[in-house]
Amino acid sequence: MILDQFSLKGKVAIVTGSNTGLGQGICRAFVEAGAKVVGVSRRPSTETAEMLGKNFHNVIADLSSLDVIPGIIADTLDKFGRIDILVNNAGIIKRQDSLEFSEENWDSVINVNLKTVFFLTQAVAQQFVAQKSGGKIINIASMLSYQGGIRVPSYTASKSAIKGVTMTLANEWAKYGINVNGIAPGYMATNNTEQLRQDEDRSADILARIPAGRWGTPADLEGAAVFLASSASDYVNGFTLAVDGGWLGR
Ligand code: NAP
């Protein structure tokens, strides 16, 4: 049955940024599809845990440092015994004119959105290889993996790089049965875009360009996430899929 290929029954996933927004939606969808999920968050994922019960385990970790990576892997193996899926969703954005853009706004974004993503992915892929199981890695990219954006140079650098690194890792790891892909969300109504949505002019400009005529929601991303986490996508390697209401095609 074709729908069986989308099932995540018996799978164990790590999802970063599980307390809110897109990450919370992905955790919910994965559990609904049959997986057990370890959600990594800086603040407790209380709401997500209440929603998902025993199929969800929260690991508190600040992903601005690499020091937390061994603990995330160990906690996941301790709780659920294996790892099959990693979603690198946690991310930050800093808005400032490029003429004044600070080193701190550069380094903080590159650390969370790119450096930690690479080394957490490496650690999870090492576990996939040790398990001889293959696995699925999904990097949450952005429209700014394809476009320049305005006043967000470090975010654009990180998200453009993530799209490239997704292809590098797909090339190296396909032979281990590891699929590395990305999802590029369009303009979604979450904390990440709150400042933008409060700016009436920018918000109106953005809405006018979205063919679907509305901001996206966490629920809009769930189908793509389950697809790329499941065996339905076994022959999809190194691609970053836009879920954007048509923004990029405009
Ligand atoms: P969000 O609600 O702000 O969620 C971001 C998540 O990342 C939160 O759970 C946040 O935790 C976590 N996070 C940030 N820094 C962290 C750190 N140092 N350690 C651990 N967790 C950390 O925004 P979102 O829209 O759901 O964003 C999710 C992903 O989608 C991000 O990678 C973002 O760049 C990407 N994205 C979003 C949009 C959009 O329109 N919303 C578009 C394209 C791409 P805290 O709550 O504790 O800060």
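The structure displayed is predicted, hence computed values, not measured ones. Atoms within a ligand are numbered from 1 in the order they appear, just like the ligands themselves.
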Quick note, salt bridge (Lys or Arg N to Asp or Glu O under 4.0 Å) partners involving residues 224-248, not counting sequence neighbours, are K136-D234
- If we ignore angles and hydrogens, is there a donor and acceptor under 3.5 Å between the side chains of T166 and T240? no
Applied to residues 92-109, the salt bridge (Lys or Arg N to Asp or Glu O under 4.0 Å) test, sequence neighbours excluded, yields D97-R151
When every non-hydrogen atom of I73 is compared with those of L120, the smallest separation belongs to CD1-CD1, 4.5 Å
Less than 4.0 Å from some atom of ligand 1, heavy atoms are found in residues G17, N19, T20, G21, L22, R42, R43, A61, D62, L63, S64, N89, A90, G91, I92, V112, I140, A141, S142, Y155, K159, P185, G186, Y187, M188, T190, N191, N192, T193
With sequence neighbours left out, the residues meeting ring-ring contact (aromatic ring centres under 6.0 Å, His included) with W173 are none
Nearest heavy-atom approach of S41 to S45 is OG-OG, 2.8 Å
